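Numbering of ligands and ligand atoms starts at 1, following listing order. In this text the structure is predicted, and so the values were computed from the model without any measurement.
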Amino acid sequence: MRIVVLTGAGISAESGVPTFRDADGLWEGHRVEDVATPAAYDAQPAVVHQFYDARRAALAGVEPNPAHLALARLERAWGDDLLVVTQNIDDLHERAGSTRVLHMHGSLRSALCRACGSRVEWEGDLGHFPPCPACHRLELRPDVVWFGEIPYELDRIFGALERADLFVSVGTSGAVYPAAGFVQAAAAYGARTLELNLEPSEGSHFFDEARHGRAGELVPAWVDELLG
Ligand code: BV8
């Protein structure tokens, strides 16, 4: 059975990574358009870097939780028939042991040069505008997909949705497109669809089945069922 799992901020909430919609959510204090759009970066790159440098630094203080670990366990049993597509820019899936992960909105662990287009793994801050290792221009930006930009890996994602027998959505509010439309695409290709979320998402009615609760409990229980 080929499975595609879409994850959002809710899967990292129990690790201490703030979600976007929580009261103290990520956007709190920052208007989305002030930190997560190309226009914001052009207007005030230092503010945008401060936002992402803080999130990158915070990765050192968080660990994968049972939901991330359960998906890594499932991958060891399911192999290539499991693909994780994440909207998250944290590295908790990989640190849990998952290897088949597509970061459709980019990653905090990567920098993108606006001058030469090269990508480089990045640990520290970008706010001091370090030179690009390839072209030496001071044009490195966070390698994340901002609003109005085209998400990464869409061809591979839609290819996997087309072949999927089961589509599972974990910890996402279903508010941001094109990710929020994947459930309908998967269903149209004949896949069964399951939502695992703290509360009904905006697209909850599109799913065949929905289980509501904490990902740290729901995901391990679901994986145990599959691995029987
Ligand atoms: C694009 C990276 C063109 C940066 C992000 C159609 C209709 C309307 C609008 C649009 C549309 N199509 C496009 C748009 C515009 C826009 C959009 O969707 N706007 C929204 C606001 C209406 N989309 C875009 O601009 C996209 N680009 O469309 O390009 C295109 C597209 C396709 C093909 C060709 C051209 C680009 C969007 C990407 C933006 N970048 N992130 C960064 O992270 O800083 S989006 C960012 O916000 C996240 O990556 C994520 O995608 C989204 C947040 O959503 P969630 O992850 O779901 O988090 P949230 O806090 O909302 O919800 C958490 C959920 O978890 C909740 O339901 C909660 O109940 C639950 N939860 C909490 N705790 C737990 C839990 N669940 C379980 N256990 C728990 N413990």
Side-chain angles (χ1 to χ4, degrees), residues 5-41 47-56 58-59 62 64-68 70-71 84-93 102-110 112 126 141-158 161 168-185 194-204 207 210-222:
V5 177
L6 173 70
T7 66
I11 199 170
S12 295
E14 292 158 67
S15 295
V17 180
T19 69
F20 294 73
R21 310 262 176 271
D22 280 358
D24 60 355
L26 263 174
W27 308 123
E28 289 298 320
H30 289 282
R31 287 177 324 133
V32 172
E33 50 278 15
D34 293 345
V35 287
T37 63
Y41 189 74
V47 171
V48 173
H49 277 309
Q50 196 190 353
F51 178 64
Y52 288 99
D53 285 352
R55 290 168 69 185
R56 193 177 301 105
L59 289 179
V62 298
N65 67 57
H68 300 106
L71 290 180
V84 173
V85 176
T86 188
Q87 300 167 79
N88 301 341
I89 61 176
D90 65 50
D91 60 351
L92 295 177
H93 281 300
L102 295 183
H103 283 265
M104 70 177 292
H105 292 163
S107 168
L108 283 167
R109 291 272 185 242
S110 178
L112 171 65
L126 284 170
R141 57 162 273 184
D143 187 11
V144 298
V145 176
W146 285 324
F147 287 92
E149 295 185 322
I150 298 177
Y152 298 156
E153 306 273 13
L154 286 180
D155 297 347
R156 287 183 63 191
I157 293 170
F158 279 102
L161 291 174
V168 182
S169 177
V170 180
T172 184
S173 59
V176 172
Y177 287 78
F182 290 169
V183 58
Q184 292 160 285
L194 169 65
E195 171 175 88
L196 304 177
N197 209 50
L198 195 61
E199 61 200 348
S201 71
E202 292 185 17
S204 199
F207 288 84
R211 302 177 190 175
H212 297 125
R214 297 157 63 84
E217 283 129 34
L218 290 178
V219 179
W222 169 65

Flag the pair [X] / [Y] as yes when at least one side-chain heavy-atom distance between them is below 4.5 Å, and no otherwise.
X: Val176; Y: Phe20; answer: no
X: Leu71; Y: Trp222; answer: yes
X: Glu153; Y: His103; answer: no

Show the atoms of ligand 1 that are less than 4.0 angstrom away from any heavy atom in [X].
X: Ala13; result: 73 (N)
X: Glu14; result: 78 (N), 79 (C), 80 (N)
X: Leu154; result: 32 (C), 33 (C)
X: Ala215; result: 77 (C), 78 (N), 79 (C)
X: Glu149; result: 1 (C), 26 (C), 27 (N), 29 (O), 36 (C)
X: Gln87; result: 48 (C), 49 (O), 50 (C), 51 (O)
X: Glu199; result: 66 (C), 67 (O), 68 (C), 69 (O)
X: Ala175; result: 20 (C), 22 (C)

Out of [options], whose heavy atom sits nearest [atom]?
atom: atom 63 (C) of ligand 1; options: Gly171, Gly8, Gly213; value: Gly171
atom: atom 34 (C) of ligand 1; options: Leu198, Val219, Ile150; value: Ile150
atom: atom 39 (C) of ligand 1; options: Val17, Thr7, Val144, Val145; value: Val145
atom: atom 52 (C) of ligand 1; options: Asp90, Val35, Ile89, Val176; value: Val176
atom: atom 16 (C) of ligand 1; options: Phe158, Tyr152, Tyr52, Phe147; value: Phe147
atom: atom 61 (O) of ligand 1; options: Ser12, Ser107, Ser173; value: Ser173

Note to self: Using 30° and 60° as the class boundaries, would you call the ring planes of His68 and His93 parallel, tilted or perpendicular?
What the structure shows: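 Rings of His68 and His93: perpendicular, as their planes differ by over 60°.
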
Geometry only, no angles: is [X] polar-contacting ligand 1 at N/O separations under 3.5 Å?
X: Gly148; value: yes
X: Phe20; value: yes
X: Ala36; value: no
X: Arg214; value: no

Next item on the list: Output the distance between atom OG (Ser173) and atom CD (Glu199), rounded to the nearest 0.5 Å.
Entry: 8.5 Å

Notebook entry, point to check: Rounded to the nearest 0.5 Å, what separation is found between the CD1 atom of Ile89 and the OG atom of Ser107?
Noted result: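 Separation between the atoms: 7.5 Å.
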
Margin query: Apply side chain to side chain contact (heavy atoms under 4.5 Å, CB included) to residues His49 and Tyr41 and explain how you reach the verdict.
Written below: CA-CA 8 Å; His49 277 309; Tyr41 189 74; 2.8 Å; yes

Next item on the list: Verify side chain to side chain contact (heavy atoms under 4.5 Å, CB included) between Gln87 and Thr172, making sure each step is shown before the conclusion.
Entry: CA-CA 9 Å; Gln87 300 167 79; Thr172 184; 3.0 Å; yes

Check: So, Arg214 and Glu14, do they make that salt bridge, N to O below 4.0 Å?
Finding: yes

Notebook entry, point to check: Is the side chain of Asn88 donor-acceptor paired with the backbone N or O of Gly8 at a distance under 3.5 Å, no angle test?
Noted result: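 Such a contact is found between Asn88 side chain and Gly8 backbone.
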
Notebook entry, point to check: What do you reckon, does Met104 put a non-hydrogen atom under 4.0 Å from ligand 1?
Noted result: no

Note to self: With a 4.0 Å cut-off on heavy atoms, is Ser201 in contact with ligand 1?
What the structure shows: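 It does not, in that no heavy atom of Ser201 comes within the 4.0 Å cut-off of ligand 1.
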
Margin query: Using the rule given for side chain to side chain contact (heavy atoms under 4.5 Å, CB included), can you reason through Tyr152 versus Ile157, listing the C-alpha separation, both sets of side-chain angles and the distance that settles it, and then say yes or no?
Written below: CA-CA 9 Å; Tyr152 298 156; Ile157 293 170; over 6 Å; no

Margin query: I need the contact type for Arg55 against ligand 1. Using non-hydrogen atoms and a strict under-4.0 Å cut-off, is it side chain, backbone, both or neither?
Written below: side chain

Check: Nearest heavy-atom pair of Leu196 and Val219: which atoms, and what distance?
Finding: CD1-CG2, 4.2 Å

Next item on the list: Quickly, which of Leu108, Asp143, Leu126 forms a side chain to side chain contact (heavy atoms under 4.5 Å, CB included) with Tyr52? Name it, please.
Entry: Leu108

